> 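Below is the structure I would like to discuss, written out as structure tokens.
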Number of protein chains: 2
Amino acid sequence: MDHDIKEPDIPEILKSVGLRVTPQRDAILRHIIDRKGHMSADQIYRFMQGSLPNLSVSTVYNTLKSLSDAGLIREIKFGDGASLFDANREPHHHMVCTVCKELFDFYLLATPDLTQIAQQVHFHIEEYHIQVKGICDACQRRMIDVK
Amino acid sequence: MDHDIKEPDIPEILKSVGLRVTPQRDAILRHIIDRKGHMSADQIYRFMQGSLPNLSVSTVYNTLKSLSDAGLIREIKFGDGASLFDANREPHHHMVCTVCKELFDFYLLATPDLTQIAQQVHFHIEEYHIQVKGICDACQRRMIDVK
DNA sequence: TAAGTATATTATAATAACTACTATGTACTA
DNA sequence: TAGTACATAGTAGTTATTATAATATACTTA
Ligand SMILES: [Mn+2]
Ligand SMILES: [Mn+2]
Ligand SMILES: [Zn+2]
Ligand SMILES: [Zn+2]
């Protein structure tokens, strides 16, 4: 073996969640897992033009929905612009830079006391997501440089 | 005086933030403040049909933007469906019921340790919002009844 | 208090991000 | 190696919102 990092077996992952293996699903899931970051349906669609020129936008959306429903990826809706898809399935939250629009992960050291609040109003929490807006390091530096 | 609760002086509020007083702005801000809850641009537009039948959808959007920019109302984007507008300017977060889609306020007892995390990655936090998804009390009861 | 002007409103068109529909194609099953 | 249930492609439709431009009006100032 030339490299220690094992490539994920995408067809096997798809089968494991009961999804049929198609070239479209294979390519889209592979791309999301490879790139690790957050990407929109349109970004995925445009990236695929090279390898799958006949891929339709509907298929991108259908695939992303299937992958999300199966729990293989996570959909992040910040309300501004398109949904972003994330291969990182660990529970984490997001900070978005209002300048460059880039999305950054963050992990909470201690979980906030939502359970207490939820119990008071008898709300059954399924999931929660902390959305932070602000300015990233790079954009802060850029603003200082301009001054 | 017949009532102790003083009606808010809407024109005065608009002037105080440097906005011109128009019948459209007066009516929209009054409605949002009166109803207290969360409402979409379309809900506001439809409500206004009675009193301002010539009101245009653009004006609703423009007004909501002006009011938000002025800090008189807050826009909440959950990513599903339309933006909702909130007259409640106190810092608070939201729980949405996945069954009935109703939005509930909640107030955090202790602020989560976001500042530490932000300092580590040198992110300048402007605002944050905790979005909780789950099932509200009423819908939980309804589900038990059906069983 | 009557222009004057900057701003607001209206109506319509345009856009972004999906979602629905349906004919065709294909991955899995037995 | 069919048969069939499911997936894909292409197109049309929807929803929520933004852009444009002509008309109207709130506030200023003489
Ligand atoms: Mn992430
Ligand atoms: Mn609220
Ligand atoms: Zn940035
Ligand atoms: Zn409910």
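If you're wondering where the values come from, they're calculated on a predicted model, not measured in any experiment. So you know, we letter chains A, B, ... as the sequences are listed, proteins then strands, and number each from 1.
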> So A:Ser40, base contact, sugar-phosphate only, or nothing? Heavy-atom distance under 4.0 Å.
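Nothing: the residue A:Ser40, judged by heavy atoms under 4.0 Å, touches no strand.
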
> Side chain of B:Tyr61 only, please: which of C:dT10, D:dT18, D:dA7 is the nearest?
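Closest of the options to the side chain of B:Tyr61: D:dT18.
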
> Would you indicate, yes or no, if C:dT10 has its OP1 or OP2 atom less than 4.0 angstrom from a side-chain nitrogen or oxygen of B:Gln24?
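Affirmative; the distance criterion is met.
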
> Does D:dA9 have OP1 or OP2 under 4.0 Å away from a side-chain N or O of A:Thr59?
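Indeed, a polar side-chain atom of A:Thr59 lies that close.
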
> Report the distance from atom CZ of B:Phe85 to atom P of D:dA16, rounded to the nearest whole Å.
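Spelled out: CZ on B:Phe85 to P on D:dA16 is 12 Å.
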
> Going through the checks in order, is the side chain to side chain contact (heavy atoms under 4.5 Å, CB included) test met by B:Leu67 and B:Leu14?
CA-CA 8 Å; B:Leu67 297 175; B:Leu14 289 168; 3.8 Å; yes

> What nucleic acid atoms does B:Val21 come within less than 4.0 Å of, heavy atoms only: base, sugar-phosphate, or nothing?
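B:Val21: backbone/sugar contact only, no base atoms under 4.0 Å.
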
> Report the distance from atom CG of A:Leu52 to atom P of D:dA7, rounded to the nearest whole Å.
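Interatomic distance, CG of A:Leu52 to P of D:dA7: 17 Å.
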
> Any base atoms under 4.0 Å from B:Ser66, or only sugar-phosphate, or nothing? Heavy atoms, all strands.
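Here B:Ser66 touches no strand at all.
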
> Using whole Å, report how far CZ of B:Arg25 lies from C1' of C:dT10.
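Atom CZ in B:Arg25 sits about 14 Å away from atom C1' in C:dT10.
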
> Which nucleotide, D:dT17, D:dA5, D:dT8, lies nearest any side-chain atom of A:Arg20?
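Shortest atom-to-atom distance from the side chain points to D:dA5.
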
> Tell me which of B:Leu19 and B:Gly81 sits closer to the 5' end of DNA chain D, going by the nucleotide each one is nearest to.
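So the residue in question is B:Gly81.
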
> Could you state the atom-to-atom distance from CG of B:Leu55 to P of C:dT10 in whole Å?
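About 5 Å, once rounded to whole Å.
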
> I need the CG-P distance between B:Asp69 and C:dA8, as an integer number of Å.
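Between P of C:dA8 and CG of B:Asp69: 12 Å.
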
> Check every atom of C:dA11, C:dA27, D:dG10 against the side chain of A:Thr22 and return the nucleotide holding the closest atom.
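Nearest to the side chain of A:Thr22 among the choices is C:dA27.
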
> May I ask you to verify whether the side chain of B:Ser58 and the base of D:dT17 hold a donor-acceptor pair under 3.5 Å?
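In this structure, the two groups form no donor-acceptor pair.
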
> Do B:Asp105 and B:His93 meet the criterion of a side-chain donor-acceptor pair at a distance under 3.5 Å?
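No donor-acceptor contact under 3.5 Å links the two side chains.
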
> Report the distance from atom CG of A:Leu84 to atom P of C:dA17, rounded to the nearest whole Å.
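In whole Å, C:dA17 P and A:Leu84 CG are 10 Å from each other.
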
> Taking salt bridge (charged side-chain N to carboxylate O under 4.0 Å, His left out) as the cut-off, I'd like each qualifying pair that reaches into residues 45-57 of chain A, sequence neighbours left out, listed once.
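Every salt bridge (charged side-chain N to carboxylate O under 4.0 Å, His left out) pair that includes a residue of residues 45-57 of chain A, provided the two are not neighbours, is A:Asp42-A:Arg46.
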
> Does a side-chain heavy-atom distance below 4.5 Å link B:Tyr128 with A:Gln131?
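Sidechains of A:Gln131 and B:Tyr128: no contact.
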
> If you look at every strand shown and take non-hydrogen atoms under 4.0 Å, does B:Asn54 touch a base, only sugar-phosphate, or nothing?
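The residue B:Asn54 makes sugar-phosphate contact but no base contact.
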
> Is it true that B:Phe85 and B:His38 have ring centroids separated by less than 6.0 Å?
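No.
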
> Pick base, sugar-phosphate or nothing for B:Pro23, based on heavy-atom distances below 4.0 Å to the nucleic acid.
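Contact class for B:Pro23: sugar-phosphate only.
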
> Output the rounded distance in Å from NZ (B:Lys65) to P (C:dT7).
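So the two atoms are 15 Å apart, to the nearest Å.
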
